[in-house]
Amino acid sequence: MDVFDLDFFCSFANTYPYNCVVYPITDMAFTCKAKNFSLITPMDDVAGFRFIPVHDLDTNMFGMDSARNVL
C-alpha cells in the first residue's frame, strides 16, 4: 500500500514468548493515510480483511494488552 502522513502514535512495552524464552519487546503504533485501498490483497499471511469503525471494536478479542492500550 502507498501510505503518506505517517506519524508515530504511541508505544507500549510487551513480551513475546518464543521457544521457552520470553523476550522484552516494544509494540509501536502509527497513524497514516492511504492513497488506494484496492492494493490490499489477502495472500498466505491473512485470509481476508475488513475495515471496522473504532467504536465497534471489541478489545476483549485482542490477544495482547498493548493492542488494547493503543485503542
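Everything numeric here is computed off the predicted structure, so don't read it as measured data.
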Legend entry - Cluster check F51, V46: I/L/V/M/F/W/Y, side chain < 4.5 angstrom: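 They do not share one cluster, since no chain of ILVMFWY contacts under 4.5 Å joins F51 to V46.
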With heavy-atom distances below 4.5 Å as the criterion, would you say the side chains of [X] and [Y] are in contact?
| X | Y | value |
| --- | --- | --- |
| T26 | N14 | no |
| Y16 | V22 | no |
| F12 | I25 | no |
| C32 | F4 | no |

Inset, instruction - Let me see the working for T15 and Y23 under side-chain contact (heavy atoms from CB on, under 4.5 Å), right down to the final yes or no. - result: CA-CA 5 Å; T15 56; Y23 296 94; over 6 Å; no
Inset, instruction - Compute the centroid of each ring, for F8 and then for F30, and state whether the two points are separated by less than 6.0 Å. - result: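 When the ring centroids of F8 and F30 are compared, they turn out to be within the sub-6.0 Å range.
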Inset, instruction - Go through the steps to decide whether M61 and T59 satisfy the test side-chain contact (heavy atoms from CB on, under 4.5 Å), and finish with yes or no. - result: CA-CA 5 Å; M61 300 295 290; T59 58; over 6 Å; no
Inset, instruction - Can you tell me which residue pairs pass the salt bridge (charged side-chain N to carboxylate O under 4.0 Å, His left out) test with a partner in residues 36-45, sequence neighbours excluded? - result: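 Matches after skipping sequence neighbours: none remain.
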Straight-line distance of [X] [atom1] to [Y] [atom2], nearest 0.5 Å:
| X | Y | atom1 | atom2 | answer |
| --- | --- | --- | --- | --- |
| R50 | I40 | CZ | CD1 | 14.0 Å |
| T31 | D5 | OG1 | CG | 8.0 Å |
| L57 | R68 | CG | CZ | 12.5 Å |

Inset, instruction - Over all heavy atoms of both residues, which pair between F9 and V70 is shortest? Give the atoms and the distance, please. - result: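 Heavy atoms only, the tightest pair is CE2-O, 3.6 Å.
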Inset, instruction - Could you pull out the closest heavy-atom pair between P42 and A47, with the gap in Å? - result: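 So the minimum-distance heavy-atom pair works out to CB-O, 3.6 Å.
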Legend entry - Criterion side chain to side chain contact (heavy atoms under 4.5 Å, CB included) against M28, the qualifying member of S66, C10, S11: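 Answer to the side chain to side chain contact (heavy atoms under 4.5 Å, CB included) test with M28 among S66, C10, S11: S11.
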Inset, instruction - With sequence neighbours excluded, tell me which residues meet side chain to side chain donor-acceptor pair (under 3.5 Å) with D58. - result: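 Here the qualifying residues are N60.
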Legend entry - Residues that S38 engages under side chain to side chain donor-acceptor pair (under 3.5 Å), provided they are two or more places apart: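 Expected list: N36.
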Legend entry - Residue F49 excluded, over 12 heavy atoms near CZ under 6.0 Å: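 More than 12 within 6.0 Å, yes.
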